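Since we're looking at a predicted model, the values are computed, not measured. Read the numbers this way: they start at 1 and go in the same order the structure lists the ligands and their atoms.
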Amino acid sequence: MNSTTFPLADQLAIQLPSPEQPLAIEPSHGYQCWVKRDDLLHPVISGNKWRKLQGALLEAQAKDIEHLVSFGGGYSNHLHALGYCCARLKIKLTALIRGNYHQHPTAMLNDLMQWGTELVYLSKVDYRRRSEPEFIAQLQASYPKAMLIPEGGSQAQALPGLNTLVKELNQQYDYVVAPVASGGTLAGLISALPKQCTVLGIAMLKGEGYLEQQVTQLLATQASQNRAQWQICHQFHHGGYAKCPPLLSEFCVRFRQQYNIPLEPVYSGKCFYAFEQLCQQGFFKANSRILVLHTGGLQGAR
Ligand SMILES: *Cc1c(COP(=O)(O)O)cnc(C)c1O
């Protein structure tokens, strides 16, 4: 795929397509594995956040929308990617942050301030209302000209961005493995991949049932002709969202030394840890071709 077909990607200097590199996992069980290096798409804009945000950014440009409002925690890769894109595209961003970091902003929040993002700190109780229709309506009334983007950028218009990822692939896979938190990335992959492929989501948080429901709701927004099979693995969240026991941090260090691929513990570390475990257990069908998506997120580890 040629990047000149994506004016927005050119404007932001996104390096398309991202590399698809072989990964020699041991014992191999005859598996042939590759990594889609979306962590290399851009030095600032986190891989899957670019894939999910391009739809909203294109819509904002097309409709001359000059103000976006979105949500996230103090380390959010979504807000970080969006803040940078908005600064470059000269769109105003208001970021509603979970918790009051006023006295001690994180490195992520310092970047947002430098990029001119307006920061609004919400209490954890208020933040919990972020997807309630009443809360959204109030917010829209306070910012009548703004476009609201949900947490993680996971909404119907995020899914086609994953289609551009799938179109870049050099071969067909039996499995595509990716992390799941708000579900947009997984839903986009499922819609874009054919039914011969199984998309395996690795849950980043304790959310059995809930995550399946999120993904199902997002899938319902898309036409369904030929979509992939899918499943979510729930045994690799390491205690919950952003929990990082020593086993996981040691894995990230070892993996980088072994394969020269950087990982962070919140998303990519858990995903590759799960992938290696599943390979060792012989989880996949013999001789499968497997792609693991490196979703980026390395800024969050600062
Ligand atoms: C946000 C994020 C995810 C989770 O993607 P969802 O679409 O929210 O499920 C995975 N990896 C990284 C690096 C992320 O920043």
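- A salt bridge does not link Asp174 to Lys285: none of the charged side-chain nitrogens sits closer than 4.0 Å to a carboxylate oxygen.
- Between Tyr273 and His238, the distance separating the two ring centers is shorter than 6.0 angstrom.
- Closest of all the heavy-atom pairs between Gly300 and Asn77 is N-OD1, 3.7 Å.
- At a 4.0 Å heavy-atom cut-off, the residues surrounding ligand 1 are Asn48, Lys49, Lys52, Asn77, Ser154, Pro179, Val180, Ala181, Ser182, Gly183, Gly184, Thr185, Tyr267, Thr295, Gly296, Gly297, listed by chain and number.
- Follow the hydrophobic side-chain contacts under 4.5 Å out from Phe71 and you never reach Leu57; the two are in separate clusters.
- Ion pairing of Asp111 with Arg302 is present here, as a side-chain N (NZ or NE/NH1/NH2) and a carboxylate O approach within less than 4.0 Å.
- We find that Glu264 and Arg256 are not joined by a salt bridge, their nearest charged nitrogen and carboxylate oxygen being 4.0 Å or further apart.
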